[in-house]
Amino acid sequence: SAIQLAANVAQNDEQTFSTPLSPIEAGCLYLEGATPCRVTTRFPPEPSGYLHIGHAKAALMNDYYASRYKGRLIVRFDDTNPSKEKEEFQDSIVEDLATLGVRHDHVTFTSDYFGVIRNYALRLIEEGKAYMDDTEQETMQKERMERVESKHRNQSVEECLKLFKEMESGSEEGGRWCLRVKIDMSSDNGTMRDPVIYRQNLTPHHRTNTSYHAYPTYDLACPIVDSIEGVTHALRTTEYNDRDEQYAWLQKTMGLRRTRIHSFARMNFMYTELSKRKLTWFVENGIVTGWDDARFPTVRGVKRRGVNVTALRQFIYSQGASRRVTNMEWNKFWAENKKEIDKFAKRFMAIDKENNVTLKVLNGPEDGDPAFVTTDYLPKDKSFGKRVVRLAKEVIMETGDVEGQIEVGEEIVLMRWGVVKISKVEPGYLEGTYLPDGDFKAAKKKLTWLAKLPTGTSTPCTLMEFDNLISKEKLDEGDDFKDFLNPNTMASSEAIGDAGLKTLQKDDVIQLERRGYFRVDRPYISEKKSIVLFMIPDGKSKPMGGLVGKLAHR
């Protein structure tokens, strides 16, 4: 059929193998030339910063294909620029990959191959395919743009070797020179116009210290190490498309085994900055509390905000095959995230500590006669068990639910308890009678509440809300991100919550009924060091129960 033909043209079909493979995830494509048990992918982060949501897509896509084809995943640190790299970043990347559930088979370092890469560079020189250049950076850039050959392009092999060793010596004179590979200065592809492949750097390397004074560029190191380590498929974002031709040329010229390239679009989000340099500015200037700030797009930040890894995987897989670079809307992801966390987020209630009113239930239980009801933690899944809710003659309710909203004679539902008919309405105070046989469906208002009890019975809690750091949907080229900083990105509220909140552990995800979903950032320790809950966006423009927070709902 036409549909089947279109699928095959899109390379969305594969031959049958004796080793059974799981069905391809919706949104993903089959790997060209992939054979089960013989696929090797790699994730090559530079240890110069913390992983962010964009890196997460690359890591999870490499992990997915290695797993599906029953192959290997190599995590390789691309540590070719000692000026930017730190062991702190290296360690954090390993931890963040574990957080994402990425199962690697090997951890390697480009620095393990510095000697090998150097030998390939020397071979290029000896074959007359590389030259040393001391052209100033701006001039070199201009010449490459205008397709003008360097004055050193035809230097002798002997002169090139001499200058290469001068560069390696760490001398000031050597620092003026870099090694360029001769490809094609007339090419329409700018990356083919004699790129720099080696340069001097006197900063001690965090692994090799001062053993080297010159280092290969990523453009040279990557195709060499990919081939040596047996990588069969290099998964790269489309921003590398121009470099794919250069990558293939280097492998062929150096006689290396071919690595197939599989491209996918980088994942960008609206109102979000992913530049490591700019994210560092936020940290260094105290705009955020650190790399794990819940407003940050780092893996640590979004996890702290409440991103569920299963939901993140599915969202990334659904975008996997797309080569079109777009700015994703956060609310689409948060809506998917909500579907996942709703499956296990236990329900509790909490009332604003300052903005509440008292309702006296005239026929409610007396203070000396404690009464309780039990209710399901998850109404849709009774296997999660039940929680106990304390009843009382006096309860507190949200001011916003009551003032100007409730009239004498009206019947309201106290959620998880029952129907109360209101008989008195005064500022900050109501009275009513509990109706054991009241009609839940007839009552229009279904409201949250808490028993008004002595201090220590309920759970004091701090509710944190967050907003985007950037106020502009998409920064244009030439925009200074500092001109678009959102001045209000964090707010806190004090609330009184269910006693059961004291049992929660760090990273538990719950729903405060009619407020939204929350992640436990700090569990309850004492009355003075109580639970801190971070609100998790749900992808909607309005809160689920009409309880408005201090910041825009996401």
Side-chain angles (χ1 to χ4, degrees), residues 346-377 379 385-440 443 445-463 493-504 510-515 518 523-531 533 545 547:
K346 293 181 178 181
R347 274 50 169 174
F348 295 90
M349 286 191 274
I351 302 296
D352 193 289
K353 184 179 179 181
E354 304 297 331
N355 299 305
N356 63 71
V357 300
T358 298
L359 165 64
K360 186 172 185 178
V361 182
L362 299 174
N363 58 341
E366 299 295 336
D367 292 344
D369 184 23
F372 304 87
V373 293
T374 58
T375 183
D376 294 319
Y377 271 121
K386 294 181 179 290
R387 66 185 173 100
V388 175
V389 178
R390 177 74 180 268
L391 308 181
K393 199 175 194 70
E394 288 191 335
V395 303
I396 57 173
M397 303 169 64
E398 296 283 348
T399 301
D401 284 339
V402 175
E403 291 194 348
Q405 306 294 320
I406 295 178
E407 300 176 349
V408 172
E410 185 175 356
E411 294 182 7
I412 64 171
V413 173
L414 297 183
M415 293 175 66
R416 315 303 171 203
W417 185 358
V419 178
V420 172
K421 185 172 184 178
I422 302 301
S423 55
K424 179 187 285 189
V425 177
E426 295 180 353
Y429 180 78
L430 293 83
E431 287 184 358
T433 303
Y434 169 63
L435 305 178
D437 298 320
D439 188 345
F440 280 77
K445 295 184 177 69
K446 297 173 176 58
L447 306 176
T448 46
W449 57 279
L450 275 183
K452 192 172 184 178
L453 299 169
T455 301
T457 309
S458 299
T459 308
C461 46
T462 300
L463 309 181
S493 304
E494 298 303 315
I496 303 169
D498 277 330
L501 293 174
K502 294 175 181 175
T503 66
L504 298 177
I510 64 166
Q511 183 193 117
L512 292 180
E513 297 195 270
R514 298 187 60 245
R515 281 190 179 277
F518 291 81
Y524 177 89
I525 299 172
S526 66
E527 289 292 304
K528 292 183 178 180
K529 201 170 184 180
S530 193
I531 190 169
L533 300 171
L547 294 179

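Between the side chain of Ser530 and the main chain of Tyr524, no donor-acceptor pair closer than 3.5 Å is present. Not a single donor-acceptor pair under 3.5 Å links the side chain of Asp369 to the backbone N or O of Pro365. Between the Trp449 side chain and the Met415 main chain, a donor and an acceptor come within less than 3.5 Å of each other. Between the Asn363 side chain and the Tyr434 main chain, a donor and an acceptor come within less than 3.5 Å of each other.
Distance check, rounded to the nearest 0.5 Å: CD1 of Ile351 to CD of Glu354 gives 13.5 Å. Once rounded to the nearest 0.5 Å, the distance linking SG of Cys461 with CG of Asp498 reads 9.0 Å. Atoms NZ and CD, on Lys452 and Glu394 in that order, are 5.0 Å from each other to the nearest 0.5 Å. Summarising the geometry, atom CG belonging to Asp352 is positioned 7.0 Å from atom OG1 belonging to Thr399; distances are rounded to the nearest 0.5 Å. Distance CG/Leu447 to CD1/Ile406: 5.5 Å, rounded to 0.5 Å. To the nearest 0.5 angstrom, Leu359 atom CG is 8.5 Å from Glu431 atom CD.
Inter-residue side-chain proximity for Ile531 and Thr462 is flagged as unmet; no heavy-atom pair is nearer than 4.5 Å. The side-chain heavy atoms of Leu435 and Val420, taken from C-beta on, include no pair separated by under 4.5 Å. When side chains are defined from C-beta on, Ile496 counts as touching Ile396, because their heavy atoms get closer than 4.5 Å. Within the 4.5 Å cutoff, the side chain of Phe518 has heavy atoms near those of the Leu463 side chain. With a 4.5 Å cut-off on side-chain heavy atoms, Ser423 and Lys360 do not count as touching. For the pair Leu391/Val373, a side-chain contact is recorded, criterion being any heavy-atom separation below 4.5 Å from C-beta on.
Counted within 6.0 Å of NZ on Lys529, heavy atoms from surrounding residues, nucleotides or ligands total 12 or fewer; the atom is thus considered open. Within a 6.0 Å sphere centred on NZ of Lys502, heavy atoms belonging to other residues, nucleotides or ligands number more than 12. Residue Lys421 places its NZ atom among 12 or fewer non-hydrogen atoms of other residues, nucleotides or ligands, all under 6.0 Å distant.
Among all heavy-atom pairs drawn from Ile412 and Met397, the shortest one is CD1-CE, 3.9 Å. Summarising the geometry of Ala451 relative to Arg390, their closest heavy-atom pair is CB-O, 3.6 Å, with the distance given to 0.1 Å.
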- Message: Test ring-ring contact (aromatic ring centres under 6.0 Å, His included) on Tyr377 and Phe348; report intermediate values, then the result.
- Response: CA-CA 8 Å; Tyr377 271 121; Phe348 295 90; 5.7 Å; yes
- Query: What do the steps show when you test Leu504 against Ile510 for side chain to side chain contact (heavy atoms under 4.5 Å, CB included), and what is the final call?
  - Reply: CA-CA 9 Å; Leu504 298 177; Ile510 64 166; 3.7 Å; yes
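Every pair passing salt bridge (charged side-chain N to carboxylate O under 4.0 Å, His left out) that includes a residue from residues 403-415 is listed here, sequence neighbours excluded: Glu410-Lys445.
The side chain to side chain contact (heavy atoms under 4.5 Å, CB included) test with Leu430 singles out one residue from Val408, Val395, Val402, and that residue is Val402. The one candidate from Lys353, Arg515, Arg514 that meets the salt bridge (charged side-chain N to carboxylate O under 4.0 Å, His left out) condition with Glu398 is Arg515. Checked against Glu513 for a salt bridge (charged side-chain N to carboxylate O under 4.0 Å, His left out), the options Arg387, Arg347, Lys346, Lys446 give a single hit: Arg387.
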